[in-house]
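No experiment lies behind these values; they were computed from the predicted model shown.
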Amino acid sequence: MSVYDTLNDMQRDAVFHTDGPLLLLAGAGSGKTRVLTHRIAYLIEEKGINPWNIMAITFTNKAAQEMRERVDRLVGFGSESIWGSTFHSTCVRILRRHIERLGFGTNFTIYDSDDQKTVMKDVCKRLEIDTKVYKEKMILGAISSAKDEMISPEEYRLNAGGDYGKQKIAQAYEEYQKQLQNSNALDFDDLLVKTVELFRICPDVLDYYQERFKYIMVDEYQDTNTVQFLLVSLLASKYQNLCVVGDDDQSIYKFRGANIGNILNFEKVFPNARTIKLEQNYRSTKNILNAANDVIRNNMERKEKRLWTDNDEGDMLECRQFMTAYEEAEYIAGDISRLVREGEFHYNDCAVLYRTNAQSRMFEEKFLMANIPYKIIGGINFYARKEVKDLLSYLKTVDNAKDDLAVRRIINVPKRGIGATTLGRVQDYAVERGISFYDALKEADKIPSIGRSSVKLAPFVTFIQTLRSQQEFLSVHELLGEIIEQTGYVKELEAEDTDEAKARIENIDELITKVVSYEESAETPTLSGFLEEVALVADIDSLDEESDYVVLMTLHSAKGLEFANVYMAGMEDGIFPSYMTTSSDDPSDLEEERRLCYVGITRAMKRLTLTSARQRMIRGETQFNRVSRFVHEIPEGLVAATNEILPRIKEMPRQNAFAQAKNAFLSRPFENKAPEPKKGEGLEYEVGDTVQHIKFGVGIVEKIADGGRDYEVTVNFDKAGVKKMFASFAKLKKV
DNA sequence: TGTCAAAAGATTTTT
DNA sequence: TCTTTTGACA
């Protein structure tokens, strides 16, 4: 009996197929993590591969950590030398060693989206781009998409042709890259782009990593974009030992450049690739899985497959509509309280999933009132909060004074009486001489236009220089402490004495905790090391299964997780699927939403509740929404409770909203206004048969007529008399 | 240079 | 609705 005997045939196939390219199409809950960990274990134990030669790319840092732990349990050694991380952190690690070949310093900083926006604002000002016409965000979006496809500024300009707008973007793109280079900074996309560039320009470096990563595994492959694909194929091109795991039905990041072609064309790029499908689900009950299957079935662009499970039928799905989002949240809070009280679930078995982060607020409020421990994942990244970023900027300035953004962010925090005019003059001086902003500050007394303002700048420079000189004998948390002390940052907040200020102090305390725990866990803790770790953590990485709390997050964040008891909230047309996709003329947008719904449903192991509200406040306006079309795609037979709304109306809708409101009130779950044609399947009864109807009772079929898309059935009911109805709608059962 | 109020913008999802 | 940005004024 070996550990591999517990796998099913398909899984075992995948584990034993170690050499040559392998495409693993793994449905939701089909045990792909098990396959990956066993595969790694097999490589190490049976094939004698050095763990050092194995690379596993996962979607989050947490997933990588988990994988390592599980391999450790199987093999007992070597798991720590497996290279397991996300695409982004992999690239950072490589670039820290070799980026000098591309003209950057190895201590480059990583710009987050806030930083990007600041740079872009500056670029627009410099190029005199009217940001009312070309929004910074839109330009950045265009640049990001270009980078996803490895399009350089020059190429972008050439592709733009005579299009004035695109020419402008090309200009901005070029200038933006120049600015980043000057600041020795890379944005998220650059991490990938520069790594591919590095491999292309330096075959010796590529060769080194090809030798290093003889066995490569990529998880969540359906969400990789073109650059990521290039990166992987470059690395794998020598030994071809590449195993990618994905599920086209769970591709939910197209908006971020994910290229589903990476899955669909895998066999073309690697002609001798083997494909293995995992279709047995081990996670969910039959009812939940069937619901998921019936929803995803409506997508046209997909590889046909149907997951199955040996698990029990399980409970029916719950489906509830409420008057307001308020009541919806109250119900979910109450339901969780009840289930925990009755001992059926723990808090950490429960998750509330929603489409947009904004929806979390209501739940937070209700959970607080109901005394339910909870954790919200996502929203504003911890490290993006103002107070945290301020302090990090100090650390960054000490670490790498080329990071102009960090320097400029903190130069007047706390207030040092340094204004925009002075900063502009320093900036001009820096540009003139081709030196960094900070270096210009150091020479402030030599800048003639500044005059007496240089007196204000000097203490700042001295402060940073002092910290730098102390850096070698201070630990990171001592350094941070010094900054907080010297700047009086916390003192200032304490003086404010507002709830908001208190929350900020808490965040700062948490930052200190994070620094300390970094120093405890890292082998050789350094300032740069800490800053690097911080730049790439996702909120989801902080999720911990040990703590007993309910998790609240977006459907996107939920990918790859599972919970015994799942609530999908805000199941309303216009929310989910979002208004943007329902009004889009590209039907594939809606299909992505449906995949997101599929991801949501398949997170649930035992119990799934879908909720919606008839009226909901959005941006200060009351909206009336119908129950989501996705809910209608779930067969009635799988659902227990449906619409239990009491017809009480708290306030009359405004006149102009009346028609909209009427529509919403008229819509009920499961009353499909356009029933799915099920003609092809035929009917289980014919003329003369006795049938059962859910409402009208027993009757005899008198006539079946071809009604075009559906059959029109005439039935003479014992009690209700003769009725005409559509077959797929009436759901008649033969008795 | 700093403060306050008005105006604009946002809400689709994220490394 | 709530937050962020802008602009006027002290």
(message) Show, in sequence, the C-alpha distance, side-chain angles and deciding distance for A/Lys254 and A/Ser588, and conclude whether the side chain to side chain donor-acceptor pair (under 3.5 Å) test is met.
(response) CA-CA 10 Å; A/Lys254 201 175 78 179; A/Ser588 72; 3.0 Å; yes

### Residues which pass salt bridge (charged side-chain N to carboxylate O under 4.0 Å, His left out) with A/Glu506, listed by chain and number, not counting sequence neighbours
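Once residues adjacent in sequence are excluded, A/Glu506 has no partner under the salt bridge (charged side-chain N to carboxylate O under 4.0 Å, His left out) criterion.
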
According to salt bridge (charged side-chain N to carboxylate O under 4.0 Å, His left out), who are the partners of A/Lys491, at least two apart in sequence or on a separate chain?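 A/Lys491 satisfies salt bridge (charged side-chain N to carboxylate O under 4.0 Å, His left out) with A/Glu485 once adjacent residues are dropped.
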
Once base and sugar-phosphate atoms are separated, protein heavy atoms under 4.0 Å mark nucleotides 8-15 of chain B, 5' to 3', with B, S and - as --BBBBBB

*asked:* Tell me whether the rings of A/Phe59 and A/Tyr253 are parallel (<30°), tilted (30 to 60°) or perpendicular (>60°).
replied: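 A/Phe59 vs A/Tyr253 ring planes: tilted.
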
How are the rings of A/Phe199 and A/Tyr209 set relative to one another: parallel (under 30°), tilted (30 to 60°) or perpendicular (over 60°)?
tilted

With both pairing distances under 3.5 angstrom for Watson-Crick or G-U wobble, and | for a partner in another strand, the correct string for DNA chain B is ||||||||||.....

Worksheet item: In terms of side-chain geometry, is the basic nitrogen of A/Arg626 or A/Asp573 positioned less than 4.0 Å from the acidic oxygen of its partner?
Response: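 Result for this pair is no, no salt bridge flagged.
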
message = Within the 4.0 Å heavy-atom criterion, would you say A/Arg361 contacts the bases, only the backbone, or no part of the nucleic acid?
response = sugar-phosphate

Checklist entry - Do A/Glu633 and A/Cys597 touch side chain to side chain, with heavy atoms closer than 4.5 Å? => result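 Not touching, per the 4.5 Å side-chain cut-off.
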
Next on the checklist: Could you tell me if the side chain of A/Asn61 sits less than 4.5 Å from the side chain of A/Ser89, heavy atoms only?
Outcome noted: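 A/Ser89 vs A/Asn61: side chains touch.
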
Once you round to the nearest 0.5 Å, how far does [atom1] of [X] lie from [atom2] of [Y]?
{"X": "A/Lys559", "Y": "A/Met553", "atom1": "NZ", "atom2": "CE", "answer": "13.0 Å"}
{"X": "A/Ile99", "Y": "A/Glu197", "atom1": "CD1", "atom2": "CD", "answer": "9.0 Å"}
{"X": "A/Gln615", "Y": "A/Glu572", "atom1": "CD", "atom2": "CD", "answer": "10.5 Å"}
{"X": "A/Leu552", "Y": "A/Ser557", "atom1": "CG", "atom2": "OG", "answer": "11.0 Å"}

Give me the distances for all protein-to-nucleotides 1-7 of chain B N/O pairs that come in under 3.5 Å?
residue: B/dT1; atom: OP1; partner: A/Gly419; partner atom: N; Å: 2.7
residue: B/dT1; atom: OP1; partner: A/Thr422; partner atom: OG1; Å: 3.2
residue: B/dT1; atom: OP2; partner: A/Thr421; partner atom: OG1; Å: 2.7

Between B/dT13 and C/dT4, how far is it from one P atom to the other, in whole Å?
-> 15 Å

*Considering only the P atoms, how many Å lie between B/dT11 and B/dA7, rounded to the nearest integer?*
22 Å

| field | Donor-acceptor contact present, side-chain A/Glu591 to main-chain A/Met300, <3.5 Å | value | yes

Contacted region of DNA chain C by chain A, from 5' end to 3' end of the hits, cut-off under 4.0 Å to heavy atoms, spans C/dT1 to C/dT3

